[in-house]
Asks: 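This structure is in structure tokens; I'll ask about it shortly.
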Amino acid sequence: MTEDENLEIMLKPLIFRVDEYTPEVVKNVLLERGWNKYTEDVQDVADWNLYWRTSAFRMIDHSNVKPWQRLNHHPGTTRLTRKDYLARHLKRMKGIYGASLYAFSPLTFIMPNDYIKFVAEYSREKEALGTKPSYWICKPAELSRGRGIMIFSDLKDLTFDCATVVQKYISNPLLIARYKCDLRIYVCVASFQPLTIYLYQEGLVRFATEKFDLNNLKNNCAHLTNSSVNKTGASYKKNKEGVGRGCKWTLSKFFTYLRNQDVDDLLLWQRINHLVILTILSIAPSVPSASNCFELFGFDILIDDKFKPWLLEVNVSPGLSLDCSSDVSVKRKLIHDIIELMHFKQTRLRKTKKEPGEASGHGPHGSLTGSDKDRVCETSNHWCKISWAEGKKDRDHETSGQWINISQLGQKNIAYASSRYVSHNKEACISSSIFSLLQGKTYNNDLISLQTKVKDFPKEITAKPREMKASKDSVPPAFPKIRKKQTRFKPFHLVPSSEPCKKKKNVTPYFLSDKGMRPCSHVGDFVLIFPFNEATLAATKNGLDLKKVIHELQKLVNKQPTPEVGDKTKKTQQGILMT
Ligand code: ADP
């Protein structure tokens with residue numbers, strides 16, 4: 001293949017496939033990035049790179065996926081996202097690894113099976129509380145957006161006519177100016193085998209639009225934080241003192257608020273990290289194996305007045321509609337960062353030469369046909385050669401080893417999230433392929449010569465790499481002034497693999513590492529939270545060694561003060577209320 005032909009292929013835009021429910025923001029971001037939309041009549045059936053849909057794929061879709069393609073769902077994730085399944089998995093983990101490690105999930109009963117157990121617990125609590133009421137929440141297992149939810153204190157009010165969970169109602173939520181809120185945290189499982197989890201450093205805080213009041217359990221706008229519920233409430237558009245208009249903040253605004261109240265937001269963020277990992281671990285060994293897919297989860301986390309995070313539920317296909325400015329700033333960037341995380345730049349390239357000793361593709365992708373192989377240039381660019389030890393050397397934080405540092409990196413990103421946002425409109429004019437080409441490291445000689453060639457492109461096309469560089473450089477040199485020790489922290493930087501692609505034997509799945517390789521520590525605002533050290537990396541190598549991973553997590557959790565005792569996060573709710 002000549003250089004010109006090669007260049008032509010490289011410049012061909014990537015193709016995304018959607019269905020009628022695919023969120024607009026996903027389509028818009030991909031178009032802005034220079035992707036083309038798949039059209040059945042025009043393109044070949046295998047001629048797309050990303051298929052993004054709201055509902056799950058069929059197993060046949062997973063088995064037919066090609067090395068250059070990605071699906072936005074992993075099979076088997078309803079284990080986490082159906083409320084009753086989640087409760088069952090967490091209960092099993094509590095049984096095996098101890099209730100204290102999994103104490104972040106409110107006591108839950110699955111109806112109708114657990115009805116008798118629930119009544120026993122209800123009666124026990126009633127007796128213990130005397131005249132004080134106890135509070136429960138009843139939620140249909142398969143519904144979302146607050147539909148069918150009921151809060152009750154008296155057993156006679158409990159009714160259900162479908163699979164339902166009854167859960168302890170967290171009646172002491174963190175209130176901001178007397179409004180209840182919860183956090184929507186975005187988590188991308190880039191791969192279940194090996195388990196690779198990224199936590200998004202920006203997110204949303206969803207507010208109830210009426211003041212919290214336990215004397216009126218029927219007022220959904222005071223007790224439920226779903227925006228679909230509150231959007232229709234009478235106070236949605238009002239400028240609510242301490243919260244503002246609408247019902248959402250960005251997560252960075254929330255953390256800034258906490259810092260201003262002298263709350264240890266880092267500790268809170270670490271607890272959220274733990275919660276996310278432990279939740280995903282509850283299903284990780286049982287999800288079916290599938291390659292080239294990823295899952296974006298929306299974790300709903302309630303913070304109580306002791307700053308303890310509680311997992312309420314995990315959403316598959318979290319809502320991506322853009323209803324307010326917070327949505328726009330968070331969700332658009334989120335999609336951009338997912339695309340970056342998926343590392344499409346390499347998957348689009350065609351392989352030009354067969355290297356000596358190159359095996360016919362039979363990696364975890366399954367076998368490749370001759371034409372498939374032709375279309376792939378493998379790279380492990382997503383994985384860094386940095387060692388945890390190196391990272392550690394680079395940071396002089398003393399307490400909890402790598403975990404703390406990763407958490408801190410996250411916080412730093414939060415603090416700077418707003419200033420780091422770049423206008424993605426700029427990307428509209430840039431072909432993803434050129435972008436990838438220019439961003440490319442050392443792939444092979446063909447690519448290097450192409451890079452040279454692209455240097456002569458017009459300014460607006462070459463603008464992207466400068467922007468990329470700027471966004472890397474814009475990582476602030478130090479933490480915001482939260483505590484002194486944090487200002488000494490230096491994030492460990494992405495170290496792209498210097499290994500030329502031609503040395504690879506066969507198609508490398510985008511997340512599977514070769515020996516000594518590991519996933520990048522952060523991509524955009526996604527920060528790697530699992531694996532988090534050498535031991536957990538090793539524990540993912542030949543299947544997931546859950547016991548080992550839990551052991552490592554337990555060590556970290558043990559180092560933290562518990563929310564109840566000697567909690568550094570503690571700042572009285574009273575104090576927050578008064579602000
Ligand atoms: P849905 O899938 O319908 O959104 P969730 O479990 O997320 O169901 O609950 C909806 C809202 O109800 C949450 O966002 C939160 O405000 C409130 N909520 C749910 N469970 C609890 C709980 N155990 N304690 C306190 N509030 C809860």
Side-chain angles (χ1 to χ4, degrees), residues 53-59 62 71-99 101-118 121 136-150 158 160-170 182 184-189 191-193 195 197 224 226 274-290 293-302 309-319 530 544 546 549-550:
R53 48 188 273 178
T54 302
S55 54
F57 290 97
R58 298 163 306 165
M59 268 333 263
H62 285 285
L71 303 174
N72 75 317
H73 294 297
H74 198 286
T77 49
T78 46
R79 287 166 172 79
L80 215 54
T81 56
R82 240 187 86 143
K83 295 176 181 68
D84 49 351
Y85 294 174
L86 174 67
R88 198 165 293 141
H89 282 288
L90 294 178
K91 188 174 171 196
R92 186 176 43 79
M93 295 300 271
K94 276 184 190 173
I96 303 171
Y97 298 105
L101 195 60
Y102 277 85
F104 56 79
S105 95
L107 183 62
T108 306
F109 297 90
I110 301 169
M111 299 295 165
N113 288 3
D114 290 343
Y115 185 75
I116 294 183
K117 281 188 203 155
F118 167 65
E121 176 59 26
W136 298 88
I137 185 166
C138 173
K139 313 191 267 190
E142 282 190 275
L143 291 187
S144 59
R145 291 182 269 132
R147 288 171 295 174
I149 292 185
M150 180 190 67
L158 171 62
F160 52 88
D161 55 8
C162 57
T164 295
V165 296
V166 171
Q167 196 169 66
K168 193 89 205 77
Y169 185 62
I170 308 301
D182 73 0
R184 166 58 56 88
I185 303 287
Y186 297 102
V187 174
C188 183
V189 176
S191 151
F192 273 94
Q193 290 108 7
L195 186 61
I197 309 173
L224 308 189
N226 304 81
H274 294 166
L275 176 160
V276 167
I277 298 173
L278 285 164
T279 304
I280 290 171
L281 285 176
S282 72
I283 65 149
S286 66
V287 296
S289 151
C293 49
F294 61 96
E295 191 78 63
L296 174 70
F297 292 111
F299 276 62
D300 289 347
I301 295 175
L302 183 88
W310 292 90
L311 175 68
L312 299 184
E313 73 154 344
V314 182
N315 296 276
V316 73
S317 291
F530 188 89
L544 185 67
L546 194 55
V549 170
I550 296 277

Asks: Kindly say whether Gly298 contributes a backbone atom to a donor-acceptor pair with the side chain of Asn315 at under 3.5 angstrom?
Replies: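 Looks like yes, one N/O pair under 3.5 Å.
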Asks: Please enumerate all residues that pass side-chain hydrogen bond (donor to acceptor under 3.5 Å, both in side chains) together with His89, with sequence neighbours excluded.
Replies: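 His89 satisfies side-chain hydrogen bond (donor to acceptor under 3.5 Å, both in side chains) with Arg92 only.
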Asks: Restricting to side-chain contact (heavy atoms from CB on, under 4.5 Å), what partner residues turn up for Pro112, sequence neighbours left out?
Replies: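 With sequence neighbours excluded, Pro112 shows a side-chain contact (heavy atoms from CB on, under 4.5 Å) to Phe160, given in chain and number order.
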Asks: For a side-chain contact (heavy atoms from CB on, under 4.5 Å) check, start with the C-alpha distance between Ile301 and Leu312, then their side-chain angles and the critical distance, and finish with the verdict.
Replies: CA-CA 6 Å; Ile301 295 175; Leu312 299 184; over 6 Å; no
Asks: For Ser105, check side-chain hydrogen bond (donor to acceptor under 3.5 Å, both in side chains) against everything at least two apart and list the hits.
Replies: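 side-chain hydrogen bond (donor to acceptor under 3.5 Å, both in side chains) check on Ser105 returns Lys94.
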Asks: May I ask you to decide if the ring planes of Trp136 and Phe118 are parallel, tilted or perpendicular, using 30° and 60° as cut-offs?
Replies: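 Aromatic pair Trp136/Phe118 classed perpendicular.
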Asks: With rounding to the nearest 0.5 Å, note down the distance linking CG in Leu311 to CZ in Phe104.
Replies: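 Interatomic distance, Leu311 CG to Phe104 CZ, rounded to 0.5 Å: 6.0 Å.
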Asks: Tyr186: which residues meet the ring-ring contact (aromatic ring centres under 6.0 Å, His included) condition with it, sequence neighbours left out?
Replies: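 Applying ring-ring contact (aromatic ring centres under 6.0 Å, His included) to Tyr186 gives none.
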Asks: Quick check for you: to the nearest 0.5 Å, what is the distance between Cys138 atom SG and Ile149 atom CD1?
Replies: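 Nearest 0.5 Å value for the SG-CD1 distance: 9.0 Å.
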Asks: Give a yes or no on whether the backbone of Gly76 and the side-chain of Thr78 come within a donor-acceptor separation of less than 3.5 Å.
Replies: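 No, the answer is negative, given that no donor and acceptor are paired below the 3.5 Å cut-off.
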Asks: Please list, chain by chain and in numerical order, all residues satisfying side-chain hydrogen bond (donor to acceptor under 3.5 Å, both in side chains) with Asn72, sequence neighbours excluded.
Replies: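 Checked Asn72 against side-chain hydrogen bond (donor to acceptor under 3.5 Å, both in side chains); zero matches.
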Asks: To the nearest 0.5 Å, how far apart are CE in Met111 and CG in Leu158?
Replies: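 Output value for this atom pair is 6.0 Å.
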Asks: Going by salt bridge (charged side-chain N to carboxylate O under 4.0 Å, His left out), name the residues that satisfy it together with Arg82, two or more places apart in sequence or in a different chain.
Replies: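 Applying salt bridge (charged side-chain N to carboxylate O under 4.0 Å, His left out) to Arg82 gives Asp84, Glu142.
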Asks: With sequence neighbours left out, what residues match Tyr97 under ring-ring contact (aromatic ring centres under 6.0 Å, His included)?
Replies: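 Applying ring-ring contact (aromatic ring centres under 6.0 Å, His included) to Tyr97 gives none.
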Asks: Can you name the salt bridge (charged side-chain N to carboxylate O under 4.0 Å, His left out) partners of Lys91, sequence neighbours left out?
Replies: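 With sequence neighbours excluded, Lys91 shows a salt bridge (charged side-chain N to carboxylate O under 4.0 Å, His left out) to no residue whatsoever.
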Asks: side-chain contact (heavy atoms from CB on, under 4.5 Å) with Asn226: which residues, sequence neighbours excluded?
Replies: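 For Asn226 the side-chain contact (heavy atoms from CB on, under 4.5 Å) partners, ignoring immediate neighbours, are Arg206, Leu224, Ser228, Val229.
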Asks: Where the side chain of Thr164 meets the backbone of Cys162, is there a donor-acceptor pair that is under 3.5 Å apart?
Replies: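 Answer holds: yes.
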Asks: Which residues pass the side-chain hydrogen bond (donor to acceptor under 3.5 Å, both in side chains) test with Thr54, not counting sequence neighbours?
Replies: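 Partners of Thr54 under the side-chain hydrogen bond (donor to acceptor under 3.5 Å, both in side chains) test: none.
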Asks: Phe192: what forms a ring-ring contact (aromatic ring centres under 6.0 Å, His included) with it, not counting sequence neighbours?
Replies: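 So Phe192 forms a ring-ring contact (aromatic ring centres under 6.0 Å, His included) with His74.
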Asks: So, using ring-ring contact (aromatic ring centres under 6.0 Å, His included) as the criterion, who are the partners of Tyr169 when residues are at least two apart?
Replies: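 ring-ring contact (aromatic ring centres under 6.0 Å, His included) list for Tyr169, sorted by chain: His223.
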